[in-house]
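Throughout, protein chains are lettered first and strands after them, A, B, ... in sequence-line order, and every chain is numbered starting at 1.
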Amino acid sequence: MSAPAASAPTGPGKTAGRYNFRHSEPHWQERWEAEKCFQSDPNGDGLPAKADSRPKYYVLEMFPYPSGRIHMGHVRNYTMGDVVARFRRAQGYNVLHPMGWDAFGLPAENAAIERGVHPGQWTRRNIADMRQQFRPLGLSIDWDRELSTCEPEYYRHEQAMFLDFMDKGLVYRKESTVNWDPVDHTVLANEQVIDGKGWRTGAPVERRKLAQWFLKITHYAEELLSALETLDRWPDKVRLMQHNWIGRSEGARVFFPLAGRDDRLEVFTTRPDTLYGASFCAISAQHPLAAEIAETNPEAAAFIADCARLGTSEEAIEKAEKKGFFTGLEAVHPLDPEWRLPVYIANFVLMEYGTGAIFGCPAHDQRDFDFARRLGLPIRAVVAPRDADPVAFAAELEAGSEAFTGDGVAINSGFLDGLGVAEAKRAVIDRLAESALGEGTVQFRLRDWGVSRQRYWGCPIPVIHCPTCGAVPVPRDQLPVTLPEDVEFDRPGNPLDRHPTWAKVSCPKCGGAARRETDTLDTFFESSWYFARFCSPKVEGQAFNRAAVDYWLPVDQYIGGIEHAVLHLLYSRFFTRALKDCGYLGLEEPFKGLFTQGMICHETYKDADGRWLSPDQVTRGEDGALVHRTEGTPVSAGRSEKMSKSKRNTIDPAAIIEAYGADAARLFMLSDSPPERDLDWTDSGIEGAWRYLNRLWRLAAEPATPLPAPNAPRPDDLGDGLPLMRALHKTIAGVSDDLDRLRFNTAVARLREFTNAYEAFDAAGDGPDWVRRHALETLARLWEPMIPHLAEELWSLLGHERLLIHTDWPTHDPALLVDDTVTLAVQVNGKLRGQLDVARDADRQTIEAAALALPNVTAQTAGKTVRKVIVVPGRIVNVVAN
RNA sequence: GCGGGCGUGGCGAAAUCGGUAGACGCAGCGGGCUUAAAACCCGUUGCCUUUCAAAGGCAUGGGGGUUCGAGUCCCCCCGCCCGCACCA
């Protein structure tokens, strides 16, 4: 790509002048800073000044992980947020637009292992670097509210929250399975397990049981689900994903007494109506009953081990045949004491869902059907479609290979026969309840949130393990529990665990020797409340100044990536409820408006050997074909994909800003693609943005016609300036609406369209000249949220001393939106045959007559009879003739 | 397998109360300015028929339907993308 050299304007003449962004952008940034334009915390308590009566508006972009380098995704994300922040500020809102760092996490530990640098040092240096990289973008951020989650001033509050959650019964500890890398002696996150092997060591991952801390998100499952309906400014897609993730299903718990034993098998089903079609029971390989049987039955133990081996790779699960092992036990059918069902251990039953046990009804569940076929178990139809012949239907189903899962009526089901599915469910549940053999229940797919991580670089869990008192909370006056600085990463495992002194403490209860919890919190913990901490980031004794969170929350517009659709957003919704129940704040939903932006993509390149090449290694040869820049060897271009280091198709924002300036980068980010869709980065796209900025700059720096003085009075009669004035007001209305709905691409198109109209405008006189200046000033004001530096530059070129950012957002004059005449499309039989200019208020007869008189219309209707003329005022005339 | 989304010029896209499809931009083509190039400016650009003009035909993944009129609503089919994935 050719980087334009910014030069001083050369004045009118043969060479067009160029906008010098290198001078201008830092200049306006300094002015904004000097005038404290983005400050929002005058008292230090998070609240606005007493006299400030503006309504509040909280705009937030998901805070970044401090990797050390900003990437194009950041530029897009923060540009969008900045447009919203600047737009709302101009509209008279008191805007909160903060920035912080999601600073705990694995990459810092990897850096420590690979380069021997301390995670804290690495993280803090990255933060400093990234702050510097954000600065040239000209974002309207209140940096005074900056926070970093890895600092004790931040995480001490979440330790207190953890203890409050404990008091509220929202925290518990239980054994849970983790992915264990036997070489690194470390726990792996799911995404670090690739094909059942550790990503770093390649060693087969083991499943180990560890006691871990859980947060009871399921306590709020019902509410988290139902409240989704109130989030009307969230994308449907995200709400749907959360809906599915929570996965509510209504059904029943059914108890099957075990023949010859005192205990019973507890089963969850959504189809109690098919109980008469049961032909077996099945339990998970992890079910306690399975373990019990395995103790005395080596074959059962072998089968269970077999099941455990499976289950790492998704593909294996997909292809796995349904397998079962007969336990020798028989379950008694709850509706018929004479009826016995064999009990199997089955590889397709999940311990984590429901009760870890099912009853199988092959006729009406495909999995059960497959299982029954394999093991030769009976298949008995107990539901038939309403219009089917029950006997024939049952025969066909039992001979076929597919279960029937649709609605219908009960057959072969005793007292249920003839009832619909829904009625039959109710009837069965009632009958079971009478004999205490079952009950209606609601089951969720959502599981409790396991927050323990066997890691160093995270927030310490404030608990002490005492051999006599058990898990004891760290007394609040001893918070924060801080991470030790003197740690080594030269050996595998968790440095906290093997630290010589850190974990050794005395029990707060009995004073005996005890040991600190060495697990740290999942990093989703920090991001579940940072948006609230931003409301009063400087208060010390408490997490929040209650008045400040009451004032600022909820976040009016949250912007971030779709990858956080479920976990981060669901955890934050949970946290907000839990914090409310602990008295921290007073609302349930933290994010009123949510917007998920698309990714930045770029074409990918490979050399002849299939190695990825970065865009700057690729150029076009003389024949236009892609070649390697230095070696001249052929290069093949692949499809456009999300920018990623592994595919080497990234573009460095710093290089773009250096070559074209921040406004060009911002403009390109907002142009062309709708913000929720992926954006393709192209060289020609950024060139186009840069070209437009210069055009705009020239309108003010080198005007074709001299402009009247600033603040010149508006002439009573705009004369020939009226059409441009109308176009301007349509633009004001359109752009305001676009920005309100975050439709940045159409706002850009509209402003460019008006620029075209402005340049084509050649009327002369006082009226037109006044409109010219007015239009240019308004154009600067409308552009300011998107390209703030150039907008200020234009404003200044137009002779204003006071910053543009302090001027109000323009409002349109509704009278100027309606034209005196309108152009109607004229159709004959639905096909366009001409156009008609008529007065806006022309009556139907006049329009009809004029339309029928159009030469093209008479030609088309010649020899036909006009049956009907449809007139849609202001839009269209359709002549129906045959 | 289940759920959701999307298919519009060479490309990114507009047009969502059913009313002139292709705004705005990218790329292309022709021209101007220039010693030359860049930059900049002007014109042009969905496809087809037509020497020009005028006009006409075809076009929003494919097929059918509703309607005076369908990118938009309904039904069927095809393709791509995303989420979940033995959730009983």
Side-chain angles (χ1 to χ4, degrees), chain A residues 2 4-5 7 10 13-18 235-238 240-241 243-245 247-249 251 267-271 274 282 311 314 317-318 320 322 346-350 352-361 364-368 370-371 443-447 562-563 565-566 640 668 671-674 676-680 682-689 691-692 694-695 698 743 745-756 759 823-836 855-856 859-860 867-882:
Chain A
S2 62
S7 57
T10 50
K14 286 178 180 165
T15 307
R18 292 246 202 147
D236 290 342
K237 182 189 168 86
V238 175
L240 186 68
M241 281 165 77
H243 186 274
N244 293 338
W245 189 265
R248 183 183 194 275
S249 36
V267 149
F268 174 73
T269 179
T270 56
R271 294 296 303 273
T274 64
E314 276 187 15
I317 296 170
E318 177 94 17
K322 306 255 177 301
N347 64 346
F348 66 95
V349 180
L350 303 174
E352 302 86 47
Y353 187 76
T355 60
I358 60 158
F359 82 81
C361 174
H364 304 292
D365 183 289
Q366 193 59 46
R367 293 158 302 185
D368 297 346
D370 297 344
F371 187 77
Q443 186 67 44
F444 292 93
R445 202 195 80 112
L446 181 70
R447 318 254 162 88
I562 187 74
E563 66 273 21
V566 176
S640 182
F668 179 57
S671 306
D672 296 348
S673 285
E676 70 279 6
R677 224 180 281 181
D678 288 353
L679 174 76
D680 253 313
T682 59
D683 291 351
S684 51
I686 185 75
E687 293 273 359
R691 227 171 7 241
Y692 176 77
N694 279 295
R695 249 176 83 198
R698 266 179 243 121
R743 295 162 49 114
N745 57 322
T746 51
V748 168
R750 231 183 269 279
L751 284 164
R752 295 185 79 131
E753 194 177 11
F754 180 74
T755 309
N756 292 343
E759 287 182 325
T823 304
L824 299 180
V826 181
Q827 299 178 334
V828 177
N829 292 333
K831 287 192 188 252
L832 185 68
R833 297 298 176 189
Q835 292 188 336
L836 192 60
N856 235 350
Q860 289 295 330
R867 302 283 173 198
K868 193 156 45 156
V869 180
I870 289 152
V871 178
V872 182
R875 291 205 178 268
I876 208 163
V877 180
N878 191 9
V879 179
V880 185
N882 61 10

Item to check | All salt bridge (Lys or Arg N to Asp or Glu O under 4.0 Å) counterparts of A/R445, not counting sequence neighbours | outcome: none

Checklist entry - A/N829 has an atom CG; how far is it from atom P of B/A70, in whole Å? => result 11 Å

Next on the checklist: What contact category does A/N856 fall into here, base, sugar-phosphate, or nothing, at under 4.0 angstrom with non-hydrogen atoms?
Outcome noted: sugar-phosphate

Checklist entry - What distance do A/Q443 atom CD and A/R248 atom CZ have between them, rounded to the nearest 0.5 Å? => result 11.0 Å

Checklist entry - Taking only residues two or more places apart in sequence, or in another chain, which ones meet A/F668 in a ring pair (Phe, Tyr, Trp, His ring centres under 6.0 Å)? => result A/W681

Checklist entry - A/L751 CG to B/A14 P: how many Å, rounded? => result 16 Å

Checklist entry - With sequence neighbours left out, what residues match A/F754 under ring pair (Phe, Tyr, Trp, His ring centres under 6.0 Å)? => result none

Next on the checklist: From CZ of A/R743 over to P of B/A14, roughly how many Å is that when rounded to an integer?
Outcome noted: 8 Å

Checklist entry - What residues form a ring pair (Phe, Tyr, Trp, His ring centres under 6.0 Å) with A/Y692, not counting sequence neighbours? => result A/W783

Checklist entry - A/R833 has a side chain; which of B/G4, B/G57, B/A14 sits nearest to it? => result B/G57

For a quick test of your reading: what N or O donor-acceptor pairs under 3.5 Å do the side chains of residues 824-834 of chain A make, sequence neighbours left out?
{"residue": "A/N829", "atom": "OD1", "partner": "A/A881", "partner atom": "N", "Å": "3.0"}
{"residue": "A/N829", "atom": "ND2", "partner": "A/A881", "partner atom": "O", "Å": "2.9"}

Checklist entry - How far, in whole Å, is B/A27 from B/C11 if one measures between their P atoms? => result 15 Å

Checklist entry - Looking at A/F371, does the NZ or CZ of A/K322 lie under 6.0 angstrom from its six-membered ring centre and within 45 degrees of the ring axis? => result no

Item to check | A/I358 vs A/Y353 side-chain heavy atoms within contact, under 4.5 Å | outcome: no

Checklist entry - A/F359 has an atom CZ; how far is it from atom P of B/A88, in whole Å? => result 13 Å

Between the protein and nucleotides 19-29 of chain B, are there any N/O to N/O pairs under 3.5 Å, and if so, what are the atom names and distances?
{"residue": "B/U20", "atom": "O2", "partner": "A/Q835", "partner atom": "NE2", "Å": "2.7"}
{"residue": "B/U20", "atom": "N3", "partner": "A/Q835", "partner atom": "NE2", "Å": "2.8"}
{"residue": "B/A23", "atom": "O2'", "partner": "A/E753", "partner atom": "OE2", "Å": "2.8"}
{"residue": "B/G25", "atom": "OP1", "partner": "A/N756", "partner atom": "ND2", "Å": "3.4"}
{"residue": "B/C26", "atom": "OP1", "partner": "A/R691", "partner atom": "NH2", "Å": "2.7"}
{"residue": "B/C26", "atom": "O2'", "partner": "A/S684", "partner atom": "OG", "Å": "3.0"}

Checklist entry - By side chain to side chain donor-acceptor pair (under 3.5 Å), which residues pair with A/R271, not counting sequence neighbours? => result A/D273

Checklist entry - Excluding sequence neighbours, so at least two apart, what forms side chain to side chain donor-acceptor pair (under 3.5 Å) with A/D368? => result none

Checklist entry - Say you pick atom C1' in B/A88 and the same atom in B/C82; how far apart are they, in whole Å? => result 26 Å

Checklist entry - Touch check for A/V349, heavy atoms < 4.0 angstrom, all strands: base, sugar-phosphate only, or nothing? => result base

Checklist entry - Using atom P of each nucleotide, how far apart are B/G10 and B/C17 to the nearest Å? => result 28 Å

Next on the checklist: Using whole Å, what does the distance between atom P of nucleotide B/A88 and atom CZ of A/F371 come to?
Outcome noted: 18 Å

Checklist entry - Residues in side chain to side chain donor-acceptor pair (under 3.5 Å) with A/N756, at least two apart? => result A/R695

Checklist entry - Which part of the nucleic acid, if any, lies within reach of A/L240 when heavy atoms closer than 4.0 Å are counted: base, sugar-phosphate only, or nothing? => result sugar-phosphate

N/O-N/O pairs, protein side and nucleotides 80-84 of chain B side, under 3.5 Å:
{"residue": "B/C84", "atom": "O3'", "partner": "A/R445", "partner atom": "NH1", "Å": "3.4"}

Item to check | Which residues share a side chain to side chain donor-acceptor pair (under 3.5 Å) with A/D678, sequence neighbours left out | outcome: none

Item to check | Strand RNA chain B as a dot-bracket string - pairs counted if Watson-Crick or G-U with both distances under 3.5 Å, | where the partner lies in another strand | outcome: (((((((..(((......[....))).(((((.......))))).((((.....))))..(((((..]....))))))))))))....

Checklist entry - For B/A55, does either OP1 or OP2 sit under 4.0 Å from a side-chain N or O belonging to A/Q860? => result no

Item to check | Glycosidic class, syn or anti, of B/G9 using a 90° window around 0 | outcome: syn

Checklist outcome for this item: Atom CG of A/D365 and atom P of B/C2 are separated, to the nearest Å, by 14 Å

Checklist entry - Taking atom P in both B/C24 and B/G46, what distance in whole Å separates the two? => result 13 Å

Next on the checklist: Could you check whether A/Q860 and A/N856, counting side-chain N and O atoms only, form a donor-acceptor pair closer than 3.5 Å?
Outcome noted: no

Checklist entry - Nearest to the side chain of A/K831 - B/C68, B/C58, B/G56? => result B/C58

Next on the checklist: Could you tell me how far apart A/K322 (NZ) and B/G1 (C1') are, to the nearest whole angstrom?
Outcome noted: 11 Å

